[in-house]
Student: 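Questions regarding the structure given below will be posed in turn.
Source: prediction; values computed, not measured. Hydrogens, waters and symmetry mates are skipped; everything else that's a heavy atom, side chains included, is used. A, B, ... follow the sequence lines: proteins, then strands. Residue 1 opens every chain.
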Amino acid sequence: MDIVEERPYRFRVERHGDMRVPGVVFASRALIPDARADKSLEQVANVATLPGIVEASYAMPDIHWGYGFPIGGVAATDVTDGGVVSPGGVGFDISCGVRLLAADLTRDRMPPPVLNDLMDRLDEGTPRGLGKGAVWPARDSGRHLRGVLESGARYLVELGHGVRRDLDRCEDGGGVADAQPEHVSARAIERGRDQLGSLGSGNHFLEVQVVDEVHDERIAAAFGLRAGQVCVMIHCGSRGLGHQVCTDHVRTMERTMGRYGITVPDRQLACVPVDSSEGRAYMGAMAAAANYGRANRHLLGESVRRAFHAVAGTDVELVYDVSHNLAKLERHQIDGRERELCVHRKGATRALPPAHPELPGDLATVGQPVLIPGTMGTSSYVLAGVPGGGAFYSTCHGAGRVQSRNQAAKAVNGRTLRDQMEAGGVAVRGTSWKGLAEEAPTAYKDVSEVVTVSERAGLAALVARLVPIGVLKG
DNA sequence: ATGTCC
């Protein structure tokens, strides 16, 4: 494969074979995947063959191998030019993302006994792991699931959970438009019934964090963040419901894409035109699953608020909620002409620049908050969208694995890891030793390097670094 | 990521 450094932090994968556009990887030399160990650059090239793709098959600095598309991939197709939508370009965890809340208190008001009390409350109030259990019992979810699928967190605020201002601090105002719950299968509904308000497992987490470094005071202040402030970061997705929606629609597309004359170099790139009955059905089901994911984070956030009120008597404000697994219909300028594109972001975060019409008024001068969850127990980042951000206003989403779960579980002892984190001043509440070991920081790239490279590549601006003082794992 | 294969 021919890879050319166009400029620092931007590499081009030259067109070859059936590629319709080049690949573009935003990375440092060190972060470019090793082709011998990781097939993700091949996946970048495969995505470039998709019908209707425009500009390039993009990859973020945290690129790694995924189902069909690489994780850290961004691809946009022209809807009016036969452009396709592919569930593999969104991922199984539809609308997986991050919600950041900021408490009205600083670290000095969170000494170990208070922190432990808070962690115990959060432990109780945050259902997680592979087992059952959710903030909402199945009978409530059942009654309200239709509303949740139609409008996400907006529906919950109408019911009295959370406040209106929360919705201004959510991507899409808390709910993705044009959701079509009728394209969510009965099995997906069944899987989602008893999981609304649950964290899940794997790399999903809830952390109590402290703002450790502020890189841009003006933007941080506009986001409601200041040095020393206690925050809570929630990283989770749409659980079994989103997974089932992906599974269902991948199967349909595998069967039907031949009818549209589409062939793909990898079966996992199953896709159909956005403007087809199967394409519209997936878009509608995906939007509904995304709304489930938004509602899931919203309910967990409300649970966090109750814990802070009980333990510290303080308010908690939403900084932002943004997903990093989604496809969206967006209008962008291509060759001097505005076109409707289906922008797939898989392990990539939307990062709108200042003055973008979709931003609420008080964020217009600073850009969209971008939330980057780090590896358990290390650090996480808040970035902001920048003018001219490449790849349809997208940036990285996290550290990215370098070791498989199995490799990590063999290399690390969960109990030892817990003890090390506790000794380092981080309170840990896990559910499984193996699960903890699989998420060891040694299994991941350095998120600081990923974030630094994202900034240097012109994809986003660094605003603040957050470090954990408490970790809740599924 | 995921009732880690209906």
Side-chain angles (χ1 to χ4, degrees), chain A residues 40 43 62-73 86-99 127-134 138 141 184-206 234-252 254-255 267-268 285-286 289-290 292-294 296-297 300 322-327 344-349 372-376 397-410 431-440 443-444 472-474:
Chain A
S40 59
Q43 294 189 312
D62 49 337
I63 177 176
H64 58 287
W65 185 89
Y67 178 90
F69 283 56
I71 295 162
S86 173
V90 172
F92 277 84
D93 194 2
I94 294 166
S95 199
C96 178
V98 180
R99 190 177 186 90
R128 59 199 193 278
L130 279 171
K132 295 196 172 169
S141 295
V184 176
S185 69
R187 182 185 286 189
I189 299 274
E190 184 54 38
R191 287 180 69 173
R193 203 180 298 280
D194 55 1
Q195 295 186 325
L196 197 56
S198 68
L199 205 53
S201 59
N203 67 352
H204 290 165
F205 65 70
L206 183 152
I234 300 168
H235 177 206
C236 66
S238 52
R239 309 285 279 107
L241 185 141
H243 193 276
Q244 191 64 45
V245 165
C246 182
T247 302
D248 293 339
H249 288 263
V250 162
R251 277 187 197 149
T252 303
E254 280 175 345
R255 277 202 322 271
R267 192 184 166 79
Q268 295 184 347
M286 179 204 62
Y292 183 95
R294 312 295 176 84
N296 189 30
R297 286 196 289 276
L300 290 170
V322 65
S323 71
H324 46 236
N325 280 4
L326 207 63
H344 302 71
R345 295 186 183 86
K346 180 190 193 178
T349 315
I372 307 298
T375 309
M376 178 181 68
H397 88 304
R401 265 189 185 278
V402 289
Q403 263 185 345
S404 71
R405 277 160 211 252
N406 278 334
Q407 285 173 317
K410 275 181 198 160
T431 55
S432 111
W433 295 119
K434 186 164 171 284
L436 208 61
E438 286 173 353
E439 296 304 316
Y444 284 86
L472 226 72
K473 286 292 297 181

Student: Is any side-chain N or O of A:Arg405 closer than 4.0 Å to OP1 or OP2 of B:dT4?
Tutor: no
Student: Check for me whether the distance between the ring centres of A:His324 and A:His235 falls short of 6.0 Å.
Tutor: yes
Student: How many whole angstroms separate atom NE2 of A:His235 from atom P of B:dT2?
Tutor: 10 Å
Student: Could you tell me the separation between the NZ atom of A:Lys434 and the C1' atom of B:dT4, rounded to a whole number of Å?
Tutor: 9 Å
Student: Can A:Thr431 and A:Arg128 be counted as having a side-chain donor-acceptor contact under 3.5 angstrom?
Tutor: no
Student: Nearest-Å distance, CD1 (A:Ile71) to C1' (B:dT2)?
Tutor: 13 Å
Student: Residues two or more places apart in sequence or in another chain: which of them pass side-chain contact (heavy atoms from CB on, under 4.5 Å) with A:Ser404?
Tutor: A:Asn406, A:Gln407
Student: Hey, is the side chain of A:Ser201 poking within less than 4.0 Å of OP1 or OP2 on B:dT2, counting only N and O atoms?
Tutor: yes
Student: Could you check how far CZ of A:Phe92 sits from P of B:dT2, rounded to whole Å?
Tutor: 12 Å
Student: Name the nucleic acid region contacted by A:Gly202, choosing base, sugar-phosphate or nothing; use a 4.0 angstrom heavy-atom cut-off, strictly under.
Tutor: sugar-phosphate
Student: Give the rounded distance in Å between these two atoms: OH of A:Tyr67 and P of B:dT2.
Tutor: 17 Å
Student: Rounded to whole Å, please give me the gap between NE2 in A:His243 and C1' in B:dT4.
Tutor: 8 Å
Student: For A:Asn325, give me all partners under side chain to side chain donor-acceptor pair (under 3.5 Å), at least two apart in sequence or on another chain.
Tutor: none
Student: Name the nucleic acid region contacted by A:Gly200, choosing base, sugar-phosphate or nothing; use a 4.0 angstrom heavy-atom cut-off, strictly under.
Tutor: sugar-phosphate
Student: Can you tell me how far P of B:dT2 sits from CZ of A:Arg187, to the nearest Å?
Tutor: 17 Å
